[in-house]
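Contents: one structure, followed by commentary.
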Amino acid sequence: MKKLVPFRKMQLLRFGRDFERDEDMILRDYLSVERTRLSNERTLLSYIRTSLYLILGGITFIQLDDFYNLQYLGILSLFLSVIFLIIGIYRFLLLKKSLKRFHHRPRDTEE
């Protein structure tokens, strides 16, 4: 009997182990996939951190009343923070999908 998985799209965003070790895969290959998965998560977190710093800088530049020219820099910083966040999430999902495609072994389902 197959289990229905609710929110199937949300499984792509799930952190952790998305694949089981294949018997054909040697330990070196399995560990390299693990390192790639962890570096992918680390890269996503650095994109999020950069985006948050740009948001903080943008808000700071916008609130400066004495320097009107810096308000444009604040707006640009807020715009770039959104772009950085979108690029980071896109790259994370792209690499996660490609890792699942090459190294994901479907679990045996009981019928």
Side-chain angles (χ1 to χ4, degrees):
M1 179 179 211
K2 275 188 168 178
K3 289 183 180 179
L4 292 176
V5 179
F7 304 108
R8 189 162 184 89
K9 291 181 182 179
M10 291 301 290
Q11 285 183 350
L12 192 61
L13 295 175
R14 188 182 69 190
F15 291 103
R17 298 180 192 274
D18 291 337
F19 56 91
E20 294 179 10
R21 184 172 174 202
D22 194 2
E23 284 83 20
D24 297 336
M25 189 184 294
I26 62 174
L27 180 63
R28 181 183 61 213
D29 295 337
Y30 175 73
L31 291 175
S32 72
V33 170
E34 283 292 316
R35 280 192 303 272
T36 305
R37 185 185 60 80
L38 290 172
S39 69
N40 189 28
E41 292 175 7
R42 188 172 54 242
T43 303
L44 173 67
L45 292 174
S46 69
Y47 271 104
I48 292 172
R49 182 183 61 228
T50 304
S51 177
L52 288 174
Y53 286 150
L54 283 171
I55 288 173
L56 289 175
I59 290 172
T60 303
F61 284 138
I62 288 175
Q63 289 182 350
L64 289 176
D65 292 333
D66 296 337
F67 303 102
Y68 293 110
N69 294 336
L70 292 180
Q71 289 183 353
Y72 295 116
L73 186 62
I75 293 170
L76 177 67
S77 178
L78 291 175
F79 177 72
L80 287 177
S81 70
V82 172
I83 297 294
F84 266 64
L85 188 63
I86 290 170
I87 289 172
I89 291 173
Y90 174 73
R91 288 189 61 196
F92 172 77
L93 293 176
L94 192 68
L95 185 61
K96 187 172 179 101
K97 189 183 289 186
S98 69
L99 275 176
K100 284 179 81 170
R101 187 178 334 130
F102 290 115
H103 299 290
H104 181 70
R105 186 181 73 181
R107 297 180 185 198
D108 297 329
T109 56
E110 297 177 13
E111 293 185 26

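The first residue in the sequence is number 1, and the count goes up from there. Computed from a prediction, not measured in an experiment: that's the story for all the values here.
- Note: F67 CZ to F61 CZ = 10.5 Å, rounded to the nearest 0.5 Å.
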Q. After noting the C-alpha distance and the side-chain angles of I83 and I87, does the key distance pass the side chain to side chain contact (heavy atoms under 4.5 Å, CB included) rule?
A. CA-CA 6 Å; I83 297 294; I87 289 172; 3.7 Å; yes

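- L78 has its side chain within reach of I62: a pair of non-hydrogen atoms, C-beta onward, lies under 4.5 Å apart.
- Between the NZ atom in K96 and the CZ atom in R91 there is a gap of 15.5 Å [rounded to 0.5 Å].
- You'll find the side chain of Q71 stays beyond 4.5 Å of the side chain of L64, heavy atoms only.
- For the pair L73/N69, no side-chain contact is recorded, criterion being any heavy-atom separation below 4.5 Å from C-beta on.
- In this structure the side chain of L95 reaches within 4.5 angstrom of the side chain of T36, judged on heavy atoms.
- The CZ atom of R49 sits 10.5 Å away from atom CZ of R42, with the distance rounded to the nearest 0.5 Å.
- Linking ILVMFWY residues whenever their side-chain heavy atoms come closer than 4.5 Å, directly or via other members, places L52 and F92 in the same cluster.
- Residues Y47 and L85 form no side-chain contact, since every pair of their non-hydrogen atoms from C-beta on lies 4.5 Å or further apart.
- Counting heavy atoms from C-beta on, the side chains of F79 and I75 never come closer than 4.5 Å.
- Formation of a donor-acceptor pair under 3.5 Å by the S77 side chain with backbone atoms of G57 is not found in this model.
- I55 has its side chain within reach of I59: a pair of non-hydrogen atoms, C-beta onward, lies under 4.5 Å apart.
- When all heavy atoms of S81 and S51 are compared, the pair lying nearest together is O-OG, 2.9 Å.
- Side-chain atoms of F84 and L54, non-hydrogen and from C-beta on, do get closer than 4.5 Å to each other.
- The cluster map of Ile, Leu, Val, Met, Phe, Trp and Tyr, joined by side-chain heavy atoms under 4.5 Å apart, puts I48 and Y53 in different clusters.
- If you take CG on L44 and CG on L93, they are separated by 8.0 Å, rounding to the nearest 0.5 Å.
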